[in-house]
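In each ligand, atom 1 is the first atom listed, and ligand 1 is the first ligand listed. Being a predicted model, the structure only gives us computed values, none of them experimental.
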Amino acid sequence: MNIREILEFDNITIQCHDNPDADTLASGYALYCYLKEHGKNSRIIYSGRQLISKDNLVMFVDNLKLPIEYVADNTKKIDGLLVTVDCQYGARNVTKFIADEVMIIDHHQVEITDVKSSLIRSNIGSCSTIMWELLKKENFPFGKYEDLQTALYYGLYTDTSQFVDITNPLDKDMRDAMKFDPVLIKRLMNANMSVKELEIAGLAMIRSIVNKQERYAVVKSRPCDPNILGLISDFVLQVSDVDICVVFNKLDYGVKFSVRSCIKEAKANDVAAFISKGIGSGGGHISKAGGFIDIDEYERKYKTTQLESYFCDMINSYLDSYDIIEAQEADVNISEFGMFQRKEIVLGYVKATDLFDTGTEVVIRTLESDINIGVEDDMYFMIGIKGEVYPVRGDAFGKRYTPVDEPYNMKVEYEQKAMDVNTGDEYLLLRYAKSCISKSKVPVYAKRLTRGVKVFTSWDNDCYMLGESGDYLVISCNDLKDMFIVDKEIFETTYEEYGND
Ligand SMILES: [Mn+2]
């Protein structure tokens, strides 16, 4: 779907989901501004049983002068094009209007498949982010629309529990690019909770389940704005018997949950991914994360199991599923390992000082994560076969790789970039990357994991590397303390049995 298609219509109606939130309002407003810029008139509507009443949303609509209309009667046909934003035409959470043509722009799980003009990107944190990218591609003059930047920023903020649940780099790009009104954003952030939600939070905490033995808590809340879940879990994590906390509630379209962890043996984002595996999505940061469970998938798999028991079972199972290895102290039985060597593979590289001065603080953004690093002389940014980027320092580059004078190309979902933290200058790494061939025939010990493992490596004792069953534990033959996890797919394409020429 191309956003330009919309310009072919003369009558355009933008519809937000019922009981609108900031993300659907901001997305609708973005499309409205785009059409206005192209001299088109459009209207933004919503329907459903309730008028917008939450303080932060009323403030949002009033301050940004959002031209939104409430349409209670859905029996009148809509002339021209109807675009549903942050929701899917025909889905439960949006009142259905009959229209000549229909289009969908959304970021939830795909629910509706019979609308041809659909752009649904389920791995993006907010629909505001999708709108931002669509408009950016059309060279939309964001500078002329400061209110819109504030709206999109707040749309992402509320949809990702205050940026905590962000996993996609595109969301980070939007967050970093918006020149928002700090005074309004601060007021909105402090009008987050209604008195009713304060009560809901209090009641939820009274009924929390605490497992003192395993040191976790599970809290069920009545329906409320999803970001209230994060506030409750921040609070409950401060209980001395609690190291991991999960707070959840059931909404019309699924179960939202928030995860907090204060121990290095369990990353909150891993716990969130574990809980939602196969039936939803979850992720975020090491200490704060969140996720979503699709209620239909859940019921198909777990029938009538109470959600409280499900969450407790999943946390117990998570805590049981991984062995923990401290590389510094580990005494590994090498006889269970095979000997392997790296194959000659082509990788990409960029010499860091070709882009930045020595000492520059840089963030490298990839699909997987943000890496903060200080540029050193003789530092190279390596681009691996799955698009991962990692630094190689000192003389290691010359020892391990032979440069070839060819550009390096690969297909990626998100183009990795390096950004100067202070100036904001950014470089898409693939545009500068050249090829090199790994020449290491140095043997390593490796073993296929039959169970999950968390390895605290000798160079990072605070943050484990996670290995699932099927991945490989690799140990340097020269240094038995030098051990790490290699992803199954990467291992099988980049390693071979030792002695193979
Ligand atoms: Mn949304």
For Lys179, enumerate each residue passing the side-chain contact (heavy atoms from CB on, under 4.5 Å) test, keeping only those at least two apart in sequence or located in another chain.
Gln149

Testing the 3.5 Å rule here: is there a donor-acceptor pair between the side chains of Asp181 and Thr150?
no

Can you list the residues that meet the salt bridge (Lys or Arg N to Asp or Glu O under 4.0 Å) rule with Lys77, with sequence neighbours excluded?
Asp79, Asp100

Contacts of Asp234 meeting side-chain hydrogen bond (donor to acceptor under 3.5 Å, both in side chains) (sequence neighbours excluded), chain-then-number -> Arg260

Counting only protein N/O/S atoms, those under 2.8 Å from the Mn ion (ligand 1) total 4

I want to know whether Tyr153 and Phe163 have ring centres closer than 6.0 Å.
yes

Compute the ring centroids of Tyr322 and Tyr464, then answer whether they are less than 6.0 Å apart.
no

